[in-house]
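Notes follow once the structure below has been shown.
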Amino acid sequence: PLPPPQPLPIPQPLPPPQPLPIPQPLPPPQPQPDAGGLTSDCSPSQLLSEDDQPHTLYPSTWQPLQKYQQQYNLNGEGIVIAILDSGINQNHLAFTQQVHLAQSFIPGESVEDTLGHGTMCAGIACGARFEGGEQSNWFGGIAPRAKLLVCKVVPNGSKSYNSTAVCQALDYIKNNHGFNSAQPVNVISLSFGSTYCDGEICDRIDTLVGAGVIVVCAASNEGRLTARNIAYPARLGNVLCIGSHSSSGKASSFSAVGKEIDFLAPGENVCAPSVGGRQALSGFNGTSCSTPAVAGLVCLVLQQLIHLSVPHYRRAHNVRVMREILKEMATSSGHHSEEHGFGCLVPAEFFEKTPDEKKRIISRMVQGV
């Protein structure tokens, strides 16, 4: 016989539904005051290039600039360059006469540089020789008679720029040092960058470039680490984007690679003024070093335009024209690569030409601008 059927279990009541959690509002987006970083090692350099060169600003291809400064007074006189960075060591002997104006855009902080990065950039662009500097391979900056406008946009204790301060500094240049002012800024050197495109900064750079200011930017020290390793604002296209090479002319391993690269300039084992005393000198590596070197070179070109009495020379206050002039100094002017741009800059390729040759080249380039 079959066993008797078993009673079905008594169904248990379901638990009451639990209320859904009340959604919490997302926190408001935080501003990005320190949206990017500086593009050099701010401490004394430990890296030596493959040919074991000592720290120096002038590799063999740039050494003739010292002759031009002394024999031809090619020194940036009459040109004003603005450097937006961590400030400046105001007591340094390299800046006894160079600083036209220094202003901090960091609330509560003076323009004094505690990091050394801004002092380095200013020294490379237009620092002066001083007694005893030669013993440490310091022979002065690229354009030692150019006037310097220092804008502090990096807070003390930080290696990142403050985006609000950068915007205020660019506004200050536009409003107080435009081409119609008594001391117009001709060149701006920016040795910082970010993967983040700050529209406020980019818009201001566009305005200044449109007004005839040559803006020179560091590519970054990301090498080939990412697919988008050229930093903003160097990626904008209407600025000069600068990478680094060693003393032997090889692209530095840290120098960013990308289609935006225009030129390479010295960026390894560079001797430059620093913080820590009136004669402090240190060695630096980075596209931060290459950028003010090219900015100083642009000052020399602009000075030449004045002396050569090139017709419509103001038209050369244009990034596109300046790029073409610098290509006259480049090792690969007819070929562009993502690693080298148009190549390493060799100033003698342009400055050794006769005045008539230079005038003819520049006149051709400014036509139709």
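The structure displayed is predicted, hence computed values, not measured ones. Residue numbers count from 1 along this sequence.
- Checked for salt-bridge contact, Arg204 and Asp171 meet the test: a charged N lies under 4.0 Å from a carboxylate O.
- Atom CD of Gln71 sits in a crowded spot, with more than 12 heavy atoms from other residues, nucleotides or ligands closer than 6.0 Å.
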Criterion side-chain contact (heavy atoms from CB on, under 4.5 Å) on Thr291 and Leu190, from CA distance to verdict: CA-CA 7 Å; Thr291 300; Leu190 303 177; 5.8 Å; no
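- A continuous path of Ile, Leu, Val, Met, Phe, Trp and Tyr side chains, each step under 4.5 Å between heavy atoms, connects Phe105 with Val80, placing both in one hydrophobic cluster.
- Annotation: the span from Asn186 atom CG to Gln303 atom CD amounts to 11.0 Å, rounded to 0.5 Å.
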Intermediate values then yes/no, side-chain contact (heavy atoms from CB on, under 4.5 Å), Val187 and Leu302: CA-CA 10 Å; Val187 185; Leu302 294 177; 3.8 Å; yes
All N/O donor-acceptor pairs, side-chain side in residues 208-217, below 3.5 Å, sequence neighbours left out:
none

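- The minimum heavy-atom distance between Leu264 and Ser255, with the atom names listed, is CD2-OG, 4.2 Å.
- Put simply, NZ on Lys327 and CD on Glu324 are 4.0 Å apart, with the number rounded to the nearest 0.5 Å.
- Taking hydrophobic clusters as Ile, Leu, Val, Met, Phe, Trp and Tyr residues chained together by side-chain heavy-atom distances below 4.5 Å, Leu297 shares a cluster with Leu308.
- With sequence neighbours left out, the salt bridge (Lys or Arg N to Asp or Glu O under 4.0 Å) criterion links Asp203 to no other residue.
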Stepwise side-chain contact (heavy atoms from CB on, under 4.5 Å) check, Ile83 with Val150: CA-CA 5 Å; Ile83 293 182; Val150 177; 5.7 Å; no
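- Closest approach of Ala82 to Val185, counting heavy atoms only: CB-CG1, 4.0 Å.
- His100 meets the side-chain contact (heavy atoms from CB on, under 4.5 Å) test with Lys147, His177, Gln183; sequence neighbours excluded.
- In this structure the side chain of Lys152 never reaches within 4.5 angstrom of the side chain of Ser86, judged on heavy atoms.
- Within the 3.5 Å criterion, the main-chain N or O of Val154 finds no donor-acceptor partner in the side chain of Ser158.
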Criterion side-chain contact (heavy atoms from CB on, under 4.5 Å) on Gln98 and His92, from CA distance to verdict: CA-CA 11 Å; Gln98 279 68 21; His92 202 289; over 6 Å; no
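- For the pair Leu84 and Leu170, the minimum side-chain heavy-atom distance is below 4.5 Å.
- Under the 4.5 Å side-chain heavy-atom criterion for grouping Ile, Leu, Val, Met, Phe, Trp and Tyr, Leu74 is connected to Leu326 within one hydrophobic cluster.
- Taking the six-membered ring where tryptophan is involved, the planes of Phe179 and His317 are perpendicular, since the angle between them exceeds 60° and thus also 30°.
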Enumerate donor-acceptor pairs with a distance under 3.5 Å from any side-chain N or O in residues 329-342 to protein atoms, sequence neighbours excluded.
from: Thr331; atom 1: OG1; to: Cys344; atom 2: N; distance (Å): 3.0
from: His336; atom 1: NE2; to: Ile261; atom 2: O; distance (Å): 2.6
from: Ser337; atom 1: OG; to: His340; atom 2: N; distance (Å): 3.0

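- Between Phe254 and Asn285 the shortest side-chain heavy-atom distance falls below 4.5 Å.
- Tyr172 and Ile205 fall within the same hydrophobic cluster, where Ile, Leu, Val, Met, Phe, Trp and Tyr residues are linked whenever their side-chain heavy atoms come under 4.5 Å apart, directly or through other members.
- Between Thr287 and Asn221, the side chains place a donor N or O and an acceptor N or O closer than 3.5 Å (distance only, hydrogens not considered).
- Within the model, atoms CH2 of Trp62 and CG of Leu345 stand 5.5 Å from one another, a figure rounded to the nearest 0.5 Å.
- For the pair Arg129 (side chain) and Phe139 (backbone), a donor-acceptor distance under 3.5 Å is present.
- Placement of Val319 and Val298 within a single hydrophobic cluster is found when ILVMFWY residues are connected by side-chain heavy-atom separations under 4.5 Å, directly or transitively.
- Taking each heavy atom of Gly76 and Leu300 in turn, the nearest pair found is N-CD2, 3.5 Å.
- Of the possible donor and acceptor atoms, none in the side chain of Asp198 sits under 3.5 Å from a partner among the backbone N and O of Ser163.
- Remark: side-chain polar atoms of Ser181 are paired, donor with acceptor, to backbone N or O of Gly178 under 3.5 angstrom.
- Under a cut-off of 6.0 angstrom, the local environment of CG in Asn180 is sparse, with at most 12 non-hydrogen atoms contributed by other residues, nucleotides or ligands.
- Not a single donor-acceptor pair under 3.5 Å links the side chain of Gln304 to the backbone N or O of Lys359.
- Closest approach of Ala265 and Val294 over heavy atoms only: CB-CG2, 3.6 Å.
- Looking at Asn89, its side chain does come within 3.5 Å of a backbone N or O of Ser274 through a donor-acceptor pair.
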Side chains of residues 237-245: which donor-acceptor pairs under 3.5 Å do they make with residues two or more places apart or in other chains?
from: Asn238; atom 1: ND2; to: Asp206; atom 2: OD1; distance (Å): 2.7
from: Ser244; atom 1: OG; to: Ser252; atom 2: OG; distance (Å): 2.7

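- Side chains of Ile81 and Leu148 form a contact here, defined as non-hydrogen atoms less than 4.5 Å apart.
- Minimum interatomic distance between Ala146 and Cys299 (heavy atoms only, all atoms of both residues): CB-SG, 4.4 Å.
- A heavy-atom distance below 4.5 Å is not found between the side chains of Pro266 and Ser247.
- Counting only heavy atoms from C-beta outward, the side chains of Pro273 and Phe95 approach each other to under 4.5 Å.
- Counting only distance, with no hydrogens or angles, the side chain of Glu109 and the backbone of Asn156 share a donor-acceptor pair below 3.5 Å.
- Note that CG of Leu236 and CD1 of Ile230 are 12.0 Å apart. Values are rounded to the nearest 0.5 Å.
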What donor-acceptor contacts under 3.5 angstrom involve side-chain atoms of residues 349-356, with partners at least two apart or in another chain?
from: Glu352; atom 1: OE2; to: Lys67; atom 2: NZ; distance (Å): 3.2
from: Glu352; atom 1: OE2; to: Tyr68; atom 2: OH; distance (Å): 2.8
from: Thr354; atom 1: OG1; to: Glu357; atom 2: N; distance (Å): 3.1
from: Thr354; atom 1: OG1; to: Glu357; atom 2: OE1; distance (Å): 3.3

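- A donor-acceptor contact shorter than 3.5 Å is absent between the side chain of Asn75 and the backbone of Ala143.
- The backbone N or O of Val346 sits nowhere less than 3.5 Å from a side-chain atom of Thr61 that would complete a donor-acceptor pair.
- Asp113 and Gly118 make their closest contact through OD2-N, 3.5 Å (heavy atoms, listed as atom of the first residue, atom of the second, distance).
- The distance from atom OG of Ser110 to atom CD1 of Ile88, rounded to the nearest 0.5 Å, is 12.0 Å.
- Between atom OG of residue Ser290 and atom CD of residue Glu268 there is a gap of 9.0 Å, rounded to the nearest 0.5 Å.
- Between His117 and Ser191, some side-chain heavy-atom pair lies under the 4.5 Å cut-off.
- Counting heavy atoms from C-beta on, the side chains of Gln103 and Cys151 never come closer than 4.5 Å.
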